[in-house]
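Notes for the one structure printed next.
This is a predicted model, so every value here is computed, not measured. FYI, side chains are in, hydrogens and waters are out, and symmetry mates aren't considered; it's all heavy atoms of this structure.
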Amino acid sequence: MFSRRLFLASSGAALWLPKMAVAQGGKPHFTLGVASGSPRPNSVILWTRLAPEPLQGGGMPVGSAQVRYRVCSDEAMRNTLQDGVAETSDAKGHSVHVRIEGLKPGREYFYQFYYGDEESPVGRTRTSSPDDASAKIALAYCQHYETGRYAAYRDMADWLPDCVIHTGDYIYEGGVSPLGAKMRDVGGGERRLFEIVRQHDGNEITSLWDYRNRYALYRSDPHLQAAHACAPWIVAMDDHEVDNNWAAQIPQDPEKQTPLEFQVRKYMAFKAYYEHMPIEQPPILRNMEPALQMYGKYVFGPAQIHLLDTRQFRSDQPCGDGRKPYCEEALDPSRTMLGKTQEAWLTQELKRSDAPFNVIATQIWHTSYRYNAPPEGAVTNLDSWDGYPAARERLNSVLANDVSNPVFLTGDWHTAMASTIHEDPFDTTSKRIGHELVGGPISSYCPWARDMEIMRDANPHVAHLNGKQRGYLRATFTKDNCRGEFRVVEDSGRADSPVSTDIDIRTSDM
């Protein structure tokens, strides 16, 4: 069992950082913690960033720096398996990405970085393996810094998952909100309480400097650092890492930024994302457009995980976006969510998979959800798969033909949800083809929760819905079942808030 003392004091108040009072200016450099990710059977990516002044661009001098690393088989860091030196520089924000190869499948490893005489916290990672009997997967998303503390991450680190899947909205791009609690009208004459518990570090972010500082602000949270240090992460961004509801080359507000301005902004956002995530490849310019490889396949025991990217390649949201009935544009069969290349890749991987469970980790809900009562045409969220019916129909037709136990693990909508997926999304008499499990958001609140609650009866395929509480999902896979444990935070304004189980669902019972 990995001791959390390696990254959190027992009170949950401060990082345990040995030998931190060293180096230039007497300031610690591993202020953003450590992380691992992109777990394969024989390799993993290790990450850290030198940042003595994390909210001022990092604070490192211009030029290169050398960071040592060590990988051990024990948490006491006595049995060294690999060590070496990684070089970084201001060109990559002094972030460090080390690919460790030659590891054994399904094994636990421990790692640490060194800069001068300074030591980083110790991290735990784990390689993947298709031969494991079970897999413990934590699902996280939507962690608005201002609207909640990260008690969910404290609880996640205690659980010690085999892997964490983060489906996006790791940061939010907006400016500073006023502190305090406020009652807001949520419709139907009802008001609910919403609270800003801490603040962003500036106005809406658009430059590389801005994005770096925003990631540093979020990563300064000790419970987020603990969750990164306890297990490898598989990550893909959603919209707020760049600009709300962006789609491919189109920003949320094209009237406020030119196409060129948005491309520059997107490249800066991609670069900062890479600099703060344990991912394999940096962004590139392809035909003068920014591109970042995020989708991919991972296998943890009975679960073959297909991580999707639903932002870079999608058609623009139809009908002007928002929650609306379908217009003619929405029904265009040429519209895509994944793009041709990613869609073909996913189809191929699903068809040849022999895994007991085929997990599809996508940023947005695949489940249909209508916000009005039949028999009128459905009003849906057009930013989700509901806004791309032809693309969803193509994927559903694949899932309906001999794909073993599809389970979607998703995020975005700030609402915990469990559903049964049918081949025809709005017809519960059509063939059942899979399930979708969505834990609560880490910290982002849900102003539209009431709109969903009053329409529960119009969505009989939805077995569980909770838009009032924050939390995350614990998904445990065996060869026979998928168990979803929906963890909820009692008070999202408290870092030390109790976290408990709201409901425990097995897909075999749905």
Q: Take R149 and D496 through the salt bridge (Lys or Arg N to Asp or Glu O under 4.0 Å) test and state the conclusion after the steps.
A: CA-CA 9 Å; R149 304 285 180 173; D496 62 349; over 6 Å; no

Q: Run the numbers on E204 and D210 for side-chain contact (heavy atoms from CB on, under 4.5 Å), then give the verdict.
A: CA-CA 8 Å; E204 181 170 349; D210 294 339; over 6 Å; no

Q) Going through the distances and angles, do D221 and R198 end up as a salt bridge (Lys or Arg N to Asp or Glu O under 4.0 Å)? A) CA-CA 11 Å; D221 186 282; R198 51 186 177 177; 2.9 Å; yes

Q: Dump the intermediate steps for ring-ring contact (aromatic ring centres under 6.0 Å, His included) on H200 and Y218, then the final yes or no.
A: CA-CA 9 Å; H200 277 160; Y218 279 57; 5.8 Å; yes

Q) Checking side-chain contact (heavy atoms from CB on, under 4.5 Å) for the pair D321/D383: CA distance, chi angles, key distance, verdict? A) CA-CA 6 Å; D321 205 353; D383 185 54; 3.8 Å; yes

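Within 6.0 Å of atom CE in M183, more than 12 heavy atoms from other residues, nucleotides or ligands are found, so the atom counts as buried in its surroundings. Residue K182 places its NZ atom among 12 or fewer non-hydrogen atoms of other residues, nucleotides or ligands, all under 6.0 Å distant.
Of all non-hydrogen atoms in Y371 and N381, the two that sit nearest each other are CE1-N, 4.1 Å.
Taking the centre and axis of the six-membered ring of F270, the NZ or CZ atom of R311 falls outside the cone set by 45° and 6.0 Å.
For the residue pair Y153 and Q143, a side-chain donor N or O sits within less than 3.5 Å of a side-chain acceptor on the partner.
Side-chain atoms of R184 never come within 3.5 Å of backbone atoms of R192 as a donor-acceptor pair (strictly under, hydrogens ignored). W448 contributes no side-chain N or O that, together with a main-chain N or O of H414, makes up a donor-acceptor pair within less than 3.5 Å. Side-chain atoms of T410 never come within 3.5 Å of backbone atoms of V438 as a donor-acceptor pair (strictly under, hydrogens ignored). Distance alone, capped at 3.5 Å, is enough to place a donor-acceptor pair between the E118 side chain and the H29 backbone.
Ring geometry for H276 versus Y215: interplanar angle under 30°, hence parallel rather than tilted (30 to 60°). Note: W233 and Y170 have perpendicular aromatic rings, judged against thresholds of 30 and 60 degrees for the angle between ring planes.
Here the options are R265, E173, E275, the test is side chain to side chain donor-acceptor pair (under 3.5 Å), and the partner is Y211; only R265 passes. Of the candidates E119, R70, Q66, Y114 forms a side chain to side chain donor-acceptor pair (under 3.5 Å) with just one, namely R70.
In this structure, H366 has its ring center no closer than 6.0 Å to that of Y388.
Looking at W246 and K266, their side chains come closer than 4.5 Å, going by heavy atoms from C-beta outward.
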